[in-house]
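Encoded as structure tokens, the structure appears first; notes follow it.
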Protein chains: 2
Amino acid sequence: MADTRTKLLEAALETLRKQGIAGVSARTIAAEAGVNQALVFYHFGSVDQLLGAAIEHGSQQRIALYRERFAAVGTLRELLDLGRSLHTEERAAGSVAALAQVLAGGQTDPKLAPATTVGLNLWIAEVEQALSRVLAASPLVEFVDVGGLAKATAAAFVGLELYEGVDAEGAGQALDALEDLAVLVSALEDMGPLVRRAVRARLRRTQDHS
Amino acid sequence: MADTRTKLLEAALETLRKQGIAGVSARTIAAEAGVNQALVFYHFGSVDQLLGAAIEHGSQQRIALYRERFAAVGTLRELLDLGRSLHTEERAAGSVAALAQVLAGGQTDPKLAPATTVGLNLWIAEVEQALSRVLAASPLVEFVDVGGLAKATAAAFVGLELYEGVDAEGAGQALDALEDLAVLVSALEDMGPLVRRAVRARLRRTQDHS
DNA sequence: GTCTATACTGTGATAGAC
DNA sequence: GTCTATCACAGTATAGAC
């Protein structure tokens, strides 16, 4: 049996998932946790602070669950497979759905923004490590900032998860297209030197034009 | 001077942007419109239905504003430039921010989901047209579904806009990385036949392995 | 630490005057 | 079409009994 603090943290995540950012309140969270509403303020001071703590708590827990699978990734193909099952698993019961909700809330509530960034960065760090391993042999690393690419990947991932929530079929098509795109990137690795030369030529030409 | 219906539609968008999905209510919207709260229910039946109508209204208006610029896009470089200024313009005063909020709300409120899809599809259609023009000469069209790619692009775009709302610097890095990636795709066009051959070889090999 | 009780404000929605 | 008035309920937050 978990203590009340932990029960509230977990109930906050569950409520974010089931009711969304518009549906969370001290009352709904406390009801989910099976405790009194006043304890939210006793333990966390305000609903916002509870949400912030919950996101950090949840992301850390959830990432620990995926860490081994991230570490096992060696190719782009494997990274994509992990991304797709992560997408499926997280949407239903994970913390990315909750993260997406505070991300939306953080747009207008400055108190939520820092916690959201912390939660996102935990994922980004994991993606960046996997990406730099996967792309080590690729001509891409020469031209693209892997840190930035990891951030873009994480942001796009959240966007796709939200998209899936309102149009599952459309999201499926989007994911399929991205997989096709990945085959192309794999092909680039087979022709590394050629690509490098072409990109350099392209960069020169672009600079001349400007 | 606009009629009350229109004032409510526009006020709903403005409230979504300024207060987020968690902050919209018949009262906040009516206050923004400068009319009485009861008129929300008289004209739209419920807050949800007003939000749905507002998203559709806003997306259509906003896209009309961008239509010429979408039509003028002929290269990937131009599409990226449009995407970046669209990103900047929409975040501050546009309808994508509002769309992102109902997208988050639609995860848990089934009544919001259809309207969100309609709004998103308006953007997706525009992106798809531009993409198919831009990629016409690229070897990509042979291997990647452009419709799916447009959906992925729109979803990623919304994700990046939300990301920007909580971490502007990180979002900037993400966008920069995506631009670098685009140079690579441009380079591919310069070597179309070669790439086509490499991808086909890669596809054959992948099939053998499975 | 946890509960009850309470204050005050916000919310969706309706009835009815104008 | 627009307003005022009103309803019953949900929201944050605090004080104080246990």
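To find a chain, count down the sequence lines: A is the first, B the second, and so on, and within it residues start at 1. Computed from heavy atoms alone, side chains included, the values below leave out hydrogens, waters and symmetry copies.
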Report task. In plain terms, say whether A:E89 and A:R69 are close enough for a salt bridge, that is, a side-chain N and a carboxylate O under 4.0 Å apart. Result -> yes
Query - Among D:dT2, C:dA5, C:dG12, the one nearest A:Q37 by side-chain distance - result: C:dA5
Query raised in the report: Between B:S85 (side chain) and B:L82 (backbone), is there a donor-acceptor pair under 3.5 Å?
Result: yes
Query raised in the report: Between the main-chain N or O of A:V96 and the side-chain N or O of A:E90, is there a donor-acceptor pair closer than 3.5 Å?
Result: yes
Query raised in the report: Among D:dT2, C:dC3, D:dC3, which is the nearest nucleotide to the side chain of B:H43?
Result: D:dT2
Requested in this report: Could you check how far CD of A:Q49 sits from C1' of D:dT12, rounded to whole Å?
Outcome: 13 Å
Query raised in the report: In whole angstroms, how far is the C1' atom of D:dA10 from the CD atom of A:Q19?
Result: 12 Å
Requested in this report: Would you kindly give the CG-to-P distance between A:L39 and D:dA17, to the nearest whole Å?
Outcome: 18 Å
Report task. Round to the nearest Å and state the distance from B:K7 atom NZ to D:dG1 atom P. Result -> 13 Å
Report task. Could you state the atom-to-atom distance from CG of A:L51 to C1' of D:dT12 in whole Å? Result -> 13 Å
Report task. Determine the contact category for B:V47: base if any of its heavy atoms lies under 4.0 Å from a base atom, sugar-phosphate if only primed atoms, P, OP1 or OP2 are that close, otherwise nothing. Result -> sugar-phosphate
Query raised in the report: Just how far, in rounded Å, is P of D:dT12 from CG of A:L50?
Result: 11 Å
Query - Backbone N/O of A:G74 and side chain of A:E78: donor-acceptor pair under 3.5 Å - result: yes
Requested in this report: Begin from the C-alpha positions of B:R17 and B:E32 and carry the test salt bridge (charged side-chain N to carboxylate O under 4.0 Å, His left out) through to its verdict.
Outcome: CA-CA 12 Å; B:R17 274 192 300 259; B:E32 176 78 38; over 6 Å; no
Report summary line: Between NZ of B:K111 and P of C:dG12 the distance, given in whole Å, is 12 Å
Query raised in the report: Are B:R84 and B:D176 close enough for a salt bridge, meaning some N to O gap below 4.0 Å?
Result: yes
Query raised in the report: Taking only side-chain nitrogens and oxygens of A:S25, does any of them come within less than 4.0 Å of OP1 or OP2 of D:dG11?
Result: yes
Query raised in the report: What distance separates B:Q173 CD from B:D167 CG, expressed to the nearest 0.5 Å?
Result: 8.0 Å
Requested in this report: Between B:Y42 and A:S46, just flag the one whose closest nucleotide in DNA chain D comes earlier from the 5' side.
Outcome: B:Y42
Query raised in the report: Can you tell which of D:dT4, C:dT2, C:dA13 lies closest to the side chain of B:A38?
Result: D:dT4
Query raised in the report: Does any donor-acceptor pair link the side chain of A:R27 with the base of D:dG11 at a separation under 3.5 Å?
Result: yes
Requested in this report: Using only side-chain N and O atoms of A:T28, determine if any of them is under 4.0 Å from OP1 or OP2 of D:dA10.
Outcome: no
Report task. Write down the distance between CG (B:L8) and C1' (D:dT2), rounded to a whole number of angstrom. Result -> 11 Å
**Report entry** Inter-end axis angle, the helix from C:dG1-D:dC18 to C:dC18-D:dG1, with every axis fitted to five base pairs (rounded, 10 degrees)
**Finding:** 0°
